[in-house]
Amino acid sequence: EVQLVESGGGLVQAGESLRLSCAASGFTFDNYVIGWFRQAPGKEREGVSYISTQLGSTGYAESVKGRFTISTDNAKTTVYLQMASLRVEDTAVYYCAATPFRYRSGNYFLLDDRYDHWGQGTQVTVSS
């Protein structure tokens, strides 16, 4: 059974940092793409970042480029999202998701309908 478990969310002030973790199990971790998404109240879910666990290639939404960094520890089957210089508008529930790797260009993996498996989410709240 595929399982994705997010952790690391919390309440921080603007300008501070947080690191989210996505612990994966139940599939061949080193041949997948893991994505991070977020959903703020009243808004649609949006793609934040993704990483190919096989190639290490990454992608980011424009709104987080230069502030967020995604990484993977394949030995621990865990993907991290390091978030720095957090803003009030980063407040949301953050989800990780998994889909088998395939070659695609552009923002393909920033779209949520590309993913088959989802975690339960972790709340990130940034206060001003």
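What's counted below: heavy atoms across the whole structure, side chains too, no hydrogens, waters or symmetry copies.
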Working to the nearest 0.5 Å, report the span between [atom1] of [X] and [atom2] of [Y].
X   : Y    : atom1 : atom2 : result
S57 : Y103 : OG    : OH    : 8.5 Å
D73 : T53  : CG    : OG1   : 11.5 Å
S63 : E46  : OG    : CD    : 5.0 Å
M83 : T69  : CE    : OG1   : 11.0 Å
D30 : L55  : CG    : CG    : 11.0 Å
S7  : R19  : OG    : CZ    : 8.5 Å

Practice task
I would like to know whether W36 and V79 meet side-chain contact (heavy atoms from CB on, under 4.5 Å); could you show each step before the answer?
Solution key: CA-CA 9 Å; W36 281 99; V79 170; 3.7 Å; yes
Exercise for the section: Tell me yes or no: between the side chains of E89 and T91, is some donor less than 3.5 Å from an acceptor? Expected result: no
Exercise for the section: Could you verify whether a donor N or O on one side chain and an acceptor N or O on the other, from R102 and Y108, lie under 3.5 Å apart? Expected result: yes
If you take all heavy atoms of [X] and [Y], which pair is closest and at what distance?
X    : Y   : answer
S127 : V88 : C-CG2, 4.1 Å
I34  : C22 : CG2-SG, 4.3 Å
A84  : S17 : CA-OG, 3.5 Å
Q39  : R45 : NE2-N, 3.8 Å
L110 : S49 : CD2-N, 3.7 Å
A61  : G47 : CB-O, 3.4 Å

Does [X] use its side chain to pair, donor to acceptor, with the backbone of [Y] at less than 3.5 Å?
X    : Y   : result
Y60  : I70 : yes
T122 : Y94 : no
E16  : S85 : no
T78  : K76 : yes

Handout entry: Plane angle bin for F27 and F29 - parallel if under 30°, tilted between 30 and 60°, otherwise perpendicular
Key = tilted
Exercise for the section: Run the ring-centre check on Y115 versus F37 and record whether the distance is less than 6.0 Å. Expected result: yes
Check for me, please, whether [X] and [Y] land in the same ILVMFWY cluster - side-chain distances under 4.5 Å, paths through other members count.
X    : Y    : value
W118 : V33  : yes
Y50  : L81  : no
F68  : F109 : no

Exercise for the section: Given side-chain contact (heavy atoms from CB on, under 4.5 Å), test L20 with V124 step by step and report yes or no. Expected result: CA-CA 9 Å; L20 304 183; V124 172; 4.0 Å; yes
So, do [X] and [Y] sit near enough that their side-chain heavy atoms are less than 4.5 Å apart?
X    : Y    : answer
L18  : L86  : yes
P100 : D116 : yes
R67  : R87  : yes

Practice task
Applying side-chain contact (heavy atoms from CB on, under 4.5 Å), run through Y80 and T72 and close with a yes or a no.
Solution key: CA-CA 6 Å; Y80 304 98; T72 182; over 6 Å; no
Practice task
Decide whether a cation-pi geometry holds between R38 and Y95; the criteria are a distance under 6.0 Å from NZ or CZ to the six-membered ring centre and an angle within 45° of the ring axis.
Solution key: no
Practice task
Give the C-alpha distance, both sets of side-chain angles, the deciding distance and a yes or no for side-chain contact (heavy atoms from CB on, under 4.5 Å) between N31 and Q54.
Solution key: CA-CA 5 Å; N31 197 27; Q54 181 181 52; 3.7 Å; yes
